[in-house]
Student: 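Here's a structure for you.
Because the structure is predicted, anything quoted here is derived from the model rather than measured.
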Amino acid sequence: MSEQQGNKPAGTGAKKRPPARGSYKNSKAARRKRRRRQLQIIYTCMTLLLVIVTLLIVGLLHATTRRTNQNRAEREAAISAEEAAIQAKRDLIKEAEKLADAYDYDGAVALLTQQENYDTDSELVNAIAKFTASKSALEAKNVLEVPHIFYHSLIVDTDRAFDSSKLSADTIAGNNAWMTTTDEFDKITQQMYDNGWILVKMRDLVTEYTGEDGYVHFKQNRSLLLPADKHPYVLSIDDWSYYHSYDDQGYGSKAVLDENGMVKVQYKDKDGNVSVGDYDVVPRLETFISSHPDASYRGARGLIALTGYNGVFGYRTDVAYKTGERLGQDQAAFLQANPDFDWDKEVAEATKIANAVKRQGWEIACHTWGHLSVTGKSRDTIATDQEKWQNTVANITGKTDTIIFAHGNDIGNWKPYDINNNEIFRYLKDMGYNYYANVDASAKYWVQVNDLSVRMGRINCDGLQMWRAISGAAKINVFEDLFDVESVFSPVRPTPVSATGKS
């Protein structure tokens, strides 16, 4: 090699040296690493973005579902509220219809007009129009032509009531003359309803006001309105006490309350089995009216005339049972047969019955404490009897302004009571009595509305009076407008029926 060649400048015509093998690998690996890192970042971002999007979608779906459910709940609540309002309105119309069924059209209209939309809601408008039209068709009844019928306790078992092998002739005669059977009562009630007779209260016949003299004064009620084919009558019950003398003769034994607080009667049959049911006038009439609400004018019921000497409603509440003094033979036998007798409990139970019958619409009347015949009695005798009644009956039933005279007697004749010349009337008026009734089956009705008193003659719907009508013994058949007496009169009654025995 020449010197010139050996001194050739470096790089001139010389080949470049490739990078070292290890350095090349490192550069490629770094690029792959950077790429992986970039991809991881991208994947992470995409995953995070996907999570965020998913969460947003889930949240959106949840919010949408929540709003949908909320809207659905709000719609359902609105529908429920509307349905409840409609049901409440229709329930109110039904209540108004009950009032209208009992001829209280004013009350029915007043109930509906309490609603804010009574003049725009079609159902309310139509109901009000119907009640108003029905009232316009009514007519005022003559309150001086209203009959007053009455019953004693009903005979449940006629075989026992008329059993000559066990009862005296006098007892059978009394049961036959003064009592009515459950079957007869049902027929009378149904026929009177079919003939258009509607039960009213005695006080429905009048309007009353208290004068400056402190007394209650009366005028005829000119607005006793009923349909043209309907006729008012008054009803009362005498002696709802289940006297000891009724024992084992086919009558109920005491008034009791059922599980609904309604008054029923306990009855013991000939075999000693005790049951509770419609064994007398009060529960029997209640059952009838419950299915025939138009049989009663504005919820009217009857008068329950009570004595006190054997207690009331079958409970032995007279003070003699407590003290053991001045006992009658029947009373003494009762206490002997019931050594665990609890007078306070008897009074408490009788008070429950009194409150229940009054809630049902019945009114209490005084029948004197001792079933006293008031005719010809002195003021002192009547006052003594009244003191006993107030202390042993009114303490259970509350005060009353009605007296129904026992034995059908009266404290005067047919003329109006004169407070200045009738000391018995003055005494009773001062005691708070305003309504008076006797027994008078000589006419189809007898009503006297005076300034200071209201009087009625009552027709006894019993065996004696029905027999008198059938046999022609009565001058007038007082039942002919009320019911068909021949179809009512029980064929198992002993005939002829005579006015003997107890009353």
Student: Using 0.5 Å steps for rounding, measure from the CG atom of L303 to the SG atom of C366.
Tutor: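 L303 atom CG to C366 atom SG measures 12.0 Å (nearest 0.5 Å).
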Student: Do Q249 and N175 have a side chain donor and acceptor closer than 3.5 Å?
Tutor: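 Present: a donor and an acceptor within the cut-off.
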Student: Using a distance-only test with no angle check, is there a side-chain donor-acceptor pair under 3.5 angstrom linking N310 and S241?
Tutor: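 The criterion, which ignores hydrogens and geometry beyond distance, is not satisfied for S241 and N310.
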Student: Quick one: NE2 on H217 to CG on N450, what's the gap to the nearest 0.5 Å?
Tutor: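 Here the interatomic distance stands at 12.0 Å.
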Student: Could you check whether any side-chain heavy atom of V357 comes within less than 4.5 Å of a side-chain heavy atom of R301, counting everything from C-beta outward?
Tutor: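 V357 vs R301: side chains apart.
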Student: Determine whether a donor-acceptor pair (N or O, by modelled atom type, separation under 3.5 Å) exists between the side chain of N422 and the backbone of D418.
Tutor: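 Side chain of N422 to backbone of D418, a donor-acceptor pair under 3.5 Å: no, none is there.
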Student: Is the shortest side-chain N to carboxylate O distance from E349 to K352 below 4.0 Å?
Tutor: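 A salt bridge is present here (some side-chain N lies under 4.0 Å from a carboxylate O).
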Student: Between Y215 and R426, which heavy-atom pair has the shortest distance, and what is it?
Tutor: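 Distance-wise, the nearest heavy atoms are OH-NH1, 3.8 Å.
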Student: Start with the C-alpha gap between Q191 and D484, add the side-chain angles, then the distance that decides, and say whether side chain to side chain contact (heavy atoms under 4.5 Å, CB included) holds.
Tutor: CA-CA 8 Å; Q191 288 190 26; D484 176 26; 3.5 Å; yes
Student: So, N477 side chain and A469 main chain: donor-acceptor pair closer than 3.5 Å or not?
Tutor: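 Between the backbone of A469 and the side chain of N477 there is no qualifying donor-acceptor contact (under 3.5 Å).
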Student: Does a salt bridge link K141 with E139, judged by any charged N lying under 4.0 Å from a carboxylate O?
Tutor: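 Salt bridge flag = yes for E139 with K141.
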Student: Any ion pair linking D401 and R203 (charged N to carboxylate O, less than 4.0 Å)?
Tutor: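 Looking at R203 and D401, the cut-off is met.
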Student: Between R458 and D440, does any NZ, NE, NH1 or NH2 come within less than 4.0 Å of an OD or OE carboxylate oxygen?
Tutor: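 A salt bridge is absent here (no side-chain N lies under 4.0 Å from a carboxylate O).
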Student: How long is the straight-line distance from CG of L452 back to CG of D213, given to the nearest 0.5 Å?
Tutor: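 Rounded to the nearest 0.5 Å, the CG-CG separation comes to 7.0 Å.
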Student: Would you say the side chains of Q190 and D194 form a donor-acceptor pair under 3.5 Å?
Tutor: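 Judged by distance alone, the side chains do pair up.
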Student: For P232 and V200, work out which heavy atoms get closest and say how close.
Tutor: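 Smallest interatomic distance, heavy atoms only, reads CB-CG1, 3.7 Å.
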Student: Measuring from atom CZ of R316 to atom OH of Y309, what distance do you get when rounded to the nearest 0.5 angstrom?
Tutor: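 Answer rounded to 0.5 Å: 10.0 Å.
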Student: Please report the shortest heavy-atom distance between V449 and K219, naming the atom on each side.
Tutor: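 Residues V449 and K219, closest heavy atoms: CG1-C, 3.9 Å.
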Student: Can you tell me if K444 uses its side chain to pair, donor with acceptor, with the backbone of L482 under 3.5 Å?
Tutor: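 Not at all, since once roles are kept as given, no pair shorter than 3.5 Å links the two residues.
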Student: Is the backbone N or O of D318 less than 3.5 Å from a side-chain atom of W343, with the two atoms forming a donor-acceptor pair by type?
Tutor: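 Confirmed, W343 side chain pairs with D318 backbone.
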Student: Between D410 and R455, is there a salt bridge with N-O shorter than 4.0 Å?
Tutor: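 A salt bridge links R455 with D410.
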Student: Does K135, at its NZ atom, have more than 12 non-hydrogen atoms belonging to other residues, nucleotides or ligands within less than 6.0 Å?
Tutor: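 Result for NZ/K135: open.
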Student: Is there side-chain contact between I396 and Y315, with heavy atoms separated by less than 4.5 Å?
Tutor: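 I396 does not reach Y315 side chain to side chain.
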Student: With side chain to side chain contact (heavy atoms under 4.5 Å, CB included) as the criterion, how do F489 and V497 come out once you've worked through the C-alpha distance, each side chain's angles and the decisive distance to 0.1 Å?
Tutor: CA-CA 11 Å; F489 189 81; V497 183; 4.1 Å; yes
Student: Between the side chain of N395 and the main-chain N/O of V393, is any donor-acceptor distance below 3.5 Å?
Tutor: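 Yes: the side chain of N395 pairs with the backbone of V393.
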Student: Should F150 and H152 be marked as a ring-ring contact (aromatic ring centres under 6.0 Å, His included) after you check the CA-CA gap, both sets of side-chain angles, and the distance that decides it?
Tutor: CA-CA 7 Å; F150 81 98; H152 289 92; 5.8 Å; yes
Student: Are side-chain heavy atoms of D278 and K264 found at a separation under 4.5 Å?
Tutor: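 Yes. Closest side-chain heavy atoms under 4.5 Å.
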Student: Take the angle between the ring planes of W240 and F313 and call it parallel below 30°, perpendicular above 60°, tilted in between.
Tutor: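 Ring orientation, 0 to 90° scale: perpendicular.
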Student: With rounding to the nearest 0.5 Å, note down the distance linking CD1 in I93 to CG in D121.
Tutor: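 The CG atom of D121 is 7.0 Å from CD1 of I93, to the nearest 0.5 Å.
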Student: Is E184 paired with K187 through a side-chain N to carboxylate O contact shorter than 4.0 Å?
Tutor: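 Answer for the salt bridge query: no.
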Student: Determine, step by step, whether Q266 and Y242 satisfy the side chain to side chain donor-acceptor pair (under 3.5 Å) criterion, reporting the C-alpha distance in whole Å, the side-chain angles of both residues, the deciding distance to 0.1 Å, and the verdict.
Tutor: CA-CA 11 Å; Q266 180 177 290; Y242 299 114; over 6 Å; no
Student: Any chance the side chains of N117 and T120 put a donor and an acceptor closer than 3.5 Å?
Tutor: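 No pair is found: no donor N or O on one side chain lies under 3.5 Å from an acceptor on the other.
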Student: Does a side-chain heavy-atom distance below 4.5 Å link I86 with R90?
Tutor: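 Result yes, sub-4.5 Å side-chain heavy-atom pair found.
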Student: Please report the closest heavy-atom contact between L112 and Y118, naming both atoms and the distance.
Tutor: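 In terms of heavy atoms, the two residues are closest at O-CB, 3.4 Å.
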Student: Angle class for the H244/Y321 ring planes (parallel below 30°, perpendicular above 60°, tilted otherwise)?
Tutor: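 Ring orientation, 0 to 90° scale: tilted.
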Student: For the residue pair L464 and W178, establish whether any side-chain heavy-atom pair is separated by less than 4.5 Å.
Tutor: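 They are in side-chain contact.
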Student: Which atom pair, heavy atoms only, marks the closest approach of A177 to S498?
Tutor: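 Shortest heavy-atom contact: CB-O, 3.4 Å.
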Student: Is the number of heavy atoms from other residues, nucleotides or ligands under 6.0 Å of K230 NZ greater than 12?
Tutor: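 Counting neighbours around NZ of K230, more than 12 heavy atoms of other residues, nucleotides or ligands fall under 6.0 Å, so yes.
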Student: Can you confirm whether the side chains of Y233 and D481 place a donor and an acceptor under 3.5 Å from each other?
Tutor: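 No, D481 and Y233 have no side-chain donor paired with an acceptor closer than 3.5 Å.
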Student: Can a side-chain donor-acceptor contact be found between D294 and Y193 if the only test is distance below 3.5 angstrom?
Tutor: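 Yes, side-chain donor-acceptor contact under 3.5 Å.
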Student: Within the distance-only criterion (no hydrogens, no angle test), does the side chain of K429 pair as donor or acceptor with the backbone N or O of V216 below 3.5 angstrom?
Tutor: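 Yes: the side chain of K429 pairs with the backbone of V216.
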Student: Are the side chain of N413 and the backbone of K415 linked by a donor-acceptor contact shorter than 3.5 Å?
Tutor: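 Indeed, once roles are kept as given, a pair shorter than 3.5 Å links the two residues.
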Student: Under a plain distance cut-off of 3.5 Å, with no hydrogens placed, do Y435 and E363 share a side-chain donor-acceptor pair?
Tutor: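 No pair is found: no donor N or O on one side chain lies under 3.5 Å from an acceptor on the other.
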Student: Flag yes if more than 12 heavy atoms outside E145 fall under 6.0 Å of its CD atom; otherwise flag no.
Tutor: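 Yes - once you tally the heavy atoms of other residues, nucleotides and ligands closer than 6.0 Å, there are more than 12.
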Student: Look only at the side chain of N176 and the backbone of P494, and say whether a donor-acceptor pair between them is shorter than 3.5 Å.
Tutor: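 Yes, N176 side chain to P494 backbone: donor-acceptor pair under 3.5 Å.
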Student: Tell me whether N409 contacts the main-chain N or O of F405 through its side chain, where contact means a donor paired with an acceptor under 3.5 Å.
Tutor: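 Not a single qualifying donor-acceptor pair exists.
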Student: Test Y436 against I403 for side chain to side chain contact (heavy atoms under 4.5 Å, CB included), laying out the working first.
Tutor: CA-CA 5 Å; Y436 302 77; I403 185 165; 3.3 Å; yes
Student: Measuring only between side-chain heavy atoms, which start at C-beta, is I188 closer than 4.5 Å to Y151?
Tutor: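 Counting from C-beta outward, I188 and Y151 do come under 4.5 Å.
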Student: What verdict does the side chain to side chain contact (heavy atoms under 4.5 Å, CB included) test give for F334 and L327, after you've listed the backbone C-alpha separation in whole Å, the side-chain angles of each residue and the deciding distance to 0.1 Å?
Tutor: CA-CA 10 Å; F334 169 80; L327 294 172; over 6 Å; no
Student: So, are E346 and K322 salt-bridged, with charged N and O less than 4.0 Å apart?
Tutor: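 No.
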Student: Locate the shortest heavy-atom distance separating A356 from G261; write the atom from each residue and the value.
Tutor: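 Minimum heavy-atom contact is CB-O, 4.1 Å.
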Student: Using modelled atom types and a 3.5 Å cut-off, is there a donor and acceptor pairing between side-chain atoms of T180 and backbone atoms of C461?
Tutor: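 Yes.
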Student: Look at the rings of H407 and H371 and say which category their plane angle falls in: under 30° parallel, 30 to 60° tilted, over 60° perpendicular.
Tutor: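 H407 and H371: perpendicular rings.
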Student: Evaluate the salt bridge (Lys or Arg N to Asp or Glu O under 4.0 Å) criterion for residues E95 and K98: first the C-alpha distance (whole Å), next the side-chain angles of each, then the deciding distance (0.1 Å), finally the verdict.
Tutor: CA-CA 5 Å; E95 288 299 313; K98 289 180 181 179; 3.5 Å; yes
Student: In the structure I gave you, are the side-chain heavy atoms of S236 and I404 within less than 4.5 Å of one another anywhere?
Tutor: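 Sidechains of I404 and S236: in contact.
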Student: In terms of the angle between their ring planes, are W197 and H231 parallel, tilted or perpendicular, with boundaries placed at 30° and 60°?
Tutor: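 Rings of W197 and H231: tilted, 30 to 60°.
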Student: If you round to the nearest 0.5 Å, how far is CD1 of I424 from CD1 of I382?
Tutor: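 One finds 4.0 Å between CD1 of I382 and CD1 of I424.
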Student: Taking the side chain as everything from C-beta on, heavy atoms only, tell me whether S490 gets closer than 4.5 Å to M466.
Tutor: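 Not in contact.
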